[in-house]
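Beneath this line is the structure, given in C-alpha cells, with notes to follow.
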Amino acid sequence: MGTVGLFYVGAVLFVNGLMLLGLVEGRSAAPINLFVGALQVLTPTFLLFTAGTDPAKILAASGLYLFGFTYLYVGIGQLAGLDSTGVGWFSLFVAVSALGYSWANFSIVGDAAFGVIWLYWAFLWGLFFVLLGLKRERIARYTGAVTAIQAWVTAAIPAFVLLTSGSLPGWSAVALAVFGVVVFGGLTPLVLRSGGAPPEQPADRPSRTPGRHGVAAG
C-alpha cells in the first residue's frame, strides 16, 4: 500500500518541480498536492492501525506523514495565498528527520537503496528550506530541476519496480549514490548561472505567496 503512495509522490514532485521551473502556474498545482497529501496521510494511518506491535511496520509508516503533511501544507497555502515561510521551516524539520530515516534504513532495516533515497529527500527538503524558509530565490531553478529529477529516481521508478518485481536490485544503492553526486553536482553551475528564480506569472504578482515556490516530498 505504501508503494502505491510512493508512486504518486513521484507525480506531485514532478508537477512541483515544473512549477519551480516556471512551466506550471502555482495555483494549478494545488489540487495534486492536496490529492497526494491526503493519500499520504490516510495510507500511514491505515498501516499504523494494522501494524499491531511490529516496530518495523510502525517505523515505515511513520515517515510517510512527512510527505503527506508537506503536500497538504503546500496545497492549502497555494489556494489560500499564504506566505511560504512556514512550509520552508517545516521542510527543515523534514530534512533533519530524513537523515534519521536514512540511518534507520541503513542500520536497522538493512535497505541500502532506501537509505540512499532518504538522503536524496534530506537534500531536497534542505533545498526547500533554503528557498522557502530563507527566501534564497537564486536557487529556485536548481531546486525545480532537482525536484523533477527526484520525482522519477526516488519515487515513480522505484515504486514501479517494487510493484512489478517486489524488490529493488542489489546494485541500486550504489547506482543511486553515483547518479545523485554526478547529476545534482553537475546541475549546479548550469542552473545557478541562469539567474535563479523562474519568470513571474500573472497570478503570482499581487503577492509573494507559495503560488510560485510552495513545494516540497517524498
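The shortest heavy-atom contact between R27 and Q78 is NH1-O, 3.4 Å. Listed here is the closest heavy atom pair of L134 and W89: CD2-CZ2, 4.1 Å. Closest heavy-atom contact between L39 and G5: CD2-CA, 3.9 Å. Minimum heavy-atom separation, L47 to A61: CB-CB, 3.9 Å.
Here the side chain of T70 pairs a donor or acceptor atom with the backbone of L66 at under 3.5 angstrom. Checking side-chain atoms of S102 against main-chain N and O of G115 turns up a donor-acceptor pair under 3.5 Å.
Under the 6.0 Å cut-off for aromatic ring centres, F184 and Y120 qualify, their centroids lying closer than that. A distance of 6.0 Å or more separates the ring centres of Y73 and F69.
The aromatic rings of W121 and W118 lie perpendicular to each other, with more than 60° between the two planes, well past the 30° mark. Between Y142 and F123, the ring planes lie perpendicular to each other; the angle is over 60°, past the 30° to 60° tilted range.
Evaluation of the side chain to side chain donor-acceptor pair (under 3.5 Å) rule for S107 yields W103 as partners, not counting sequence neighbours.
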Given the rule in the side chain to side chain contact (heavy atoms under 4.5 Å, CB included) test, do L72 and Q40 qualify, once you have shown the distances and angles that lead to the verdict? CA-CA 9 Å; L72 289 175; Q40 292 298 86; over 6 Å; no
Could you go step by step and tell me if K135 and D83 meet the side chain to side chain contact (heavy atoms under 4.5 Å, CB included) rule? CA-CA 11 Å; K135 304 296 185 184; D83 178 77; 3.3 Å; yes
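A side chain to side chain donor-acceptor pair (under 3.5 Å) check over residues 46-62, counting only residues at least two apart or in different chains, returns the pairs S62-Y101.
Between V153 and V183 there is no side-chain heavy-atom pair separated by less than 4.5 Å. Annotation: side chain of Q150 is not in contact with side chain of T147 (no heavy-atom distance under 4.5 Å).
Summarising the local packing, CZ of F160 is surrounded by 12 or fewer heavy atoms from other residues, nucleotides or ligands at distances under 6.0 Å.
The side-chain contact (heavy atoms from CB on, under 4.5 Å) test with F128 is passed by exactly one of N16, I139, L20: L20. A side-chain contact (heavy atoms from CB on, under 4.5 Å) with L124 is found for exactly one of V146, L119, I149, namely V146.
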